[in-house]
Structures are given as C-alpha cells and as structure tokens.
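One structure is given below, encoded as structure tokens.
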Amino acid sequence: MASTERKDTVAAVDRAVSILATFSAAEPVLNLAQLAQAAGLYKSTLLRLIASLIRGEYLVQREDGKYHVGPACLHLSAIYQRTVQPADVIVPTLRELVAASGESASFNIKQRDKRVCLHRVNSPNPISDSVQAGDILELTRGAGGKVLLAFSGEPGTEFDAIRRDIVWCSVGERYPDTAAVACPVFKVGNELAGCLTLSGPKTRFDAASVASMSKLILAAATELTHKLGGDASLFKAPG
C-alpha cells in the first residue's frame with residue numbers, strides 16, 4: 001500500500017510539473033482547455049492539481065478564468081539565478097561541444113561594436129584556430145559576429161536569413177583558412193546572452209561536418225538557453 005501511495009504522489013508531482021511547463025514566453029496565459037490539451041490530462045484531474053498550485057502560489061487564476069504562473073515561480077527563479085553563475089553552465093557546455101565535434105568551442109558576447117570571446121575550450125587537434133578567452137574580435141566578419149548582430153536586431157537580407165536559420169556558418173571570413181558555425185543563446189526575458197561557436201581549419205568544415213556541427217551546436221544552445229532562464233522553445237521549428 002505504501003509503495004502505491006508513493007507512486008501516486010510522484011505521478012501527481014510529475015503532472016503538476018507538466019502543467020507549469022506548458023507556459024512559455026509565447027503563451028504566458030492559458031485557459032483550462034489549453035492546459036488540458038497540452039498536459040494531456042482530464043479536466044477533473046487538472047482542476048485538482050491547479051487548485052494545489054494556486055494554493056502554493058505557483059499559478060494564478062485571472063478574473064477571466066485564464067491562468068498564468070504565480071509569484072512562487074519568480075521566487076525560485078531568483079534563487080536559481082543567485083546560485084548558478086553563467087560560467088558554471090557555459091564552460092561545461094563548451095567542453096561537451098569540443099568532445100563531440102573535435103573543434104574548438106567559444107562563447108562570445110556583443111560589446112558595443114565588437115565581440116568578445118568570453119569563454120573558450122580549445123580543440124585537442126594540433127591544428128586549430130588561435131582565438132583565446134578575452135580576445136576582442138570584429139562583429140562584421142565570421143559566423144559568431146554575424147549571429148550576434150542578427151539577434152541584436154541588425155537589419156538586412158543576410159541577417160534576416162540568420163534569424164530564420166538560427167545556426168550560421170562562415171568560411172574564410174575572418175581568416176582565409178578558418179571556418180566557424182555559430183548559434184545564439186538567450187537568457188531571462190529572452191534577451192540575447194551571447195552565441196556559441198565551433199571553429200577550426202576550413203579543411204575540416206565540409207558539408208557533412210557542418211551539418212553535424214550544426215545539430216550539435218543547436219542542441220547545446222537550446223540546453224544552455226534553458227539553463228540560463230531563456231525560453232528554449234525559440235529554437236523549435238515553426239509548425
């Protein structure tokens with residue numbers, strides 16, 4: 001009997017979490033039917049869980065009957081942001097990218113009209129590009145700089161394409177013999193936090209390698225955005 005009770009309790013927690021996970025920056029306010037469909041729950045079960053979440057201030061019901069997340073979520077968010085520093089999640093992500101791709105991985109930020117390599121993990125390959133943490137680079141050349149410009153709102157056909165594709169590749173833009181693949185990362189409020197890049201000699205960036213690295217960096221950017229408090233659904237293909 002005790003085992004069954006524990007299973008029921010865990011299932012209830014899982015369902016409550018699934019309700020909260022339904023909300024996003026794109027859909028911050030939802031009605032009961034939307035929650036039931038997204039969470040895959042019967043309305044009777046859903047209403048019981050919602051009542052508990054409202055009591056705990058994890059959900060708020062508006063006068064029109066719709067729901068949004070409550071102040072308890074903000075409290076937990078503040079604790080998370082004080083506890084986890086960006087470098088704590090960025091550097092391990094870079095290490096994982098290097099291990100999976102064999103190329104050097106960087107995290108770049110936009111600083112006025114330049115980009116700064118904030119964190120870097122070098123490739124184990126004896127031949128690689130020479131960027132290091134702290135280097136100040138051009139914004140207008142290379143995949144990393146162009147991704148930062150695009151997601152900072154820079155107008156233009158090329159930047160529209162970058163915003164559409166999310167992952168961008170450049171070959172020989174900064175130096176004739178190097179190439180890079182880059183993807184944006186977002187933080188709380190879906191503000192641009194920076195971008196992830198994989199870079200190295202262009203001889204290792206053929207079509208197959210770029211396709212593989214693009215998948216790796218998109219997955220890493222999605223996970224890192226989630227860990228930094230951004231909305232990872234921004235990376236999902238429309239439709």
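Hydrogens, waters and symmetry mates play no part in the numbers below; they use all other heavy atoms, side chains included.
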query = Judged by atom type as modelled, is there a donor-acceptor pair below 3.5 Å linking the side chain of D135 to the main-chain atoms of C117?
reply = no
request  = Taking all non-hydrogen atoms of both residues into account, name the closest pair between C195 and G144 and its distance.
outcome  = SG-O, 3.6 Å
task = Following the transitive rule for hydrophobic clusters with a side-chain heavy-atom cut-off under 4.5 Å over Ile, Leu, Val, Met, Phe, Trp and Tyr, establish whether Y175 and V210 coincide in one cluster.
result = no
task = Can you sort out the partners of I54 under side-chain contact (heavy atoms from CB on, under 4.5 Å), two or more places apart, ordered by chain and number?
result = I50, L59, Q61, Y67
task = Test side-chain contact (heavy atoms from CB on, under 4.5 Å) on L228 and V185 and set out the steps.
result = CA-CA 9 Å; L228 292 177; V185 174; 3.8 Å; yes
key: side-chain contact (heavy atoms from CB on, under 4.5 Å) evaluation trace for N122 with Q132   = CA-CA 8 Å; N122 288 317; Q132 299 299 328; 3.5 Å; yes
inquiry  = Quick check: do E138 and R115 have side-chain heavy atoms less than 4.5 Å from each other?
reply    = no
query = L216, V89: one ILVMFWY side-chain cluster at the under-4.5 Å cut-off?
reply = yes
message = Nearest 0.5 angstrom please: E223 CD to L196 CG, how far?
response = 10.5 Å
request  = Sequence neighbours left out, what passes side-chain hydrogen bond (donor to acceptor under 3.5 Å, both in side chains) with S52? Give chain and number order.
outcome  = R55
query = Can you tell me if D129 and T178 form a side-chain donor-acceptor pair at under 3.5 Å?
reply = no
message = Surrounding CZ of R62 (heavy atoms of other residues, nucleotides or ligands, distance under 6.0 Å), is the total greater than 12?
response = yes
note = With sequence neighbours left out, the residues meeting side-chain hydrogen bond (donor to acceptor under 3.5 Å, both in side chains) with N125 are S123
Pairwise distance CG(L198) to OG(S101) - rounded to 0.5 angstrom = 4.5 Å
ask   = With hydrophobic residues grouped by side-chain heavy-atom distances under 4.5 Å, do V131 and I109 end up in a single group?
value = no
query = Side chains of Y58 and C73: closer than 4.5 Å at any heavy-atom pair?
reply = yes
task = Report the residues that fulfil side-chain hydrogen bond (donor to acceptor under 3.5 Å, both in side chains) with R163, sequence neighbours left out, ordered by chain and then residue number.
result = D160
query = Where do E158 and W168 land on the side-chain contact (heavy atoms from CB on, under 4.5 Å) test, with the steps shown first?
reply = CA-CA 10 Å; E158 183 180 30; W168 197 249; 4.0 Å; yes
ask   = Residues in side-chain hydrogen bond (donor to acceptor under 3.5 Å, both in side chains) with R174, at least two apart?
value = none
remark   = Correct closest heavy-atom pair for A105 and L97 would be CB-CB, 4.0 Å
task = Please tell me if the side chains of L30 and K66 come closer than 4.5 Å, counting only heavy atoms from C-beta onward.
result = no
key: Electrostatic pair K146-E173, nearest N-O below 4.0 angstrom   = yes
query = Just wondering, do P92 and L94 contact through their side chains at under 4.5 Å, heavy atoms?
reply = no
ask   = If two hydrophobic side chains count as joined below 4.5 Å and joins carry through other members, does L218 share a cluster with I90?
value = yes
request  = Kindly indicate whether the side chain of L192, heavy atoms from C-beta on, has any atom under 4.5 Å from the side chain of L148.
outcome  = yes
inquiry  = With a 3.5 Å distance limit and no angle check, can you tell me whether S212 reaches the backbone of A208 through a side-chain donor-acceptor pair?
reply    = no
query = Would a 4.5 Å heavy-atom cut-off, applied to side chains only, mark I166 and F235 as touching?
reply = yes
N/O donor-acceptor pairs under 3.5 Å from side chains in residues 36-48, not counting sequence neighbours:
none

ask   = Does K110 reach the main-chain N or O of R112 with its side chain, forming a donor-acceptor pair under 3.5 Å?
value = yes
Whether T225 side chain and F186 backbone form a donor-acceptor pair below 3.5 Å = yes
inquiry  = Looking at I162, is its backbone amide N or carbonyl O close enough to the side chain of D165 to form a donor-acceptor pair, meaning the two atoms are under 3.5 Å apart?
reply    = no
task = Please answer: with hydrophobic residues joined when any side-chain heavy atoms are less than 4.5 Å apart, are V147 and V116 in the same cluster?
result = yes
inquiry  = Within the supplied structure, the quantity of interest is the number of heavy atoms (other residues, nucleotides, ligands) at a distance under 6.0 Å from E57 CD; does it exceed 12?
reply    = no
ask   = Going from CG on L139 to CD1 on I136, what distance comes out if it is rounded to the nearest 0.5 angstrom?
value = 11.0 Å
ask   = What closest approach, in Å, do C183 and V167 show between heavy atoms, and which atom pair accounts for it?
value = SG-CG2, 3.9 Å
query = If you round to the nearest 0.5 Å, how far is CZ of R15 from CG of L53?
reply = 13.0 Å
ask   = Does V181 reach the side chain of E103, with side-chain heavy atoms less than 4.5 Å apart?
value = no
request  = Please tell me if the side chains of R120 and S106 come closer than 4.5 Å, counting only heavy atoms from C-beta onward.
outcome  = yes
key: A180 backbone acceptor or donor facing S199 side chain under 3.5 Å   = no
task = Quick one: pull up OG1 in T222 and CG in D231 and give me the separation to the nearest 0.5 Å.
result = 10.5 Å
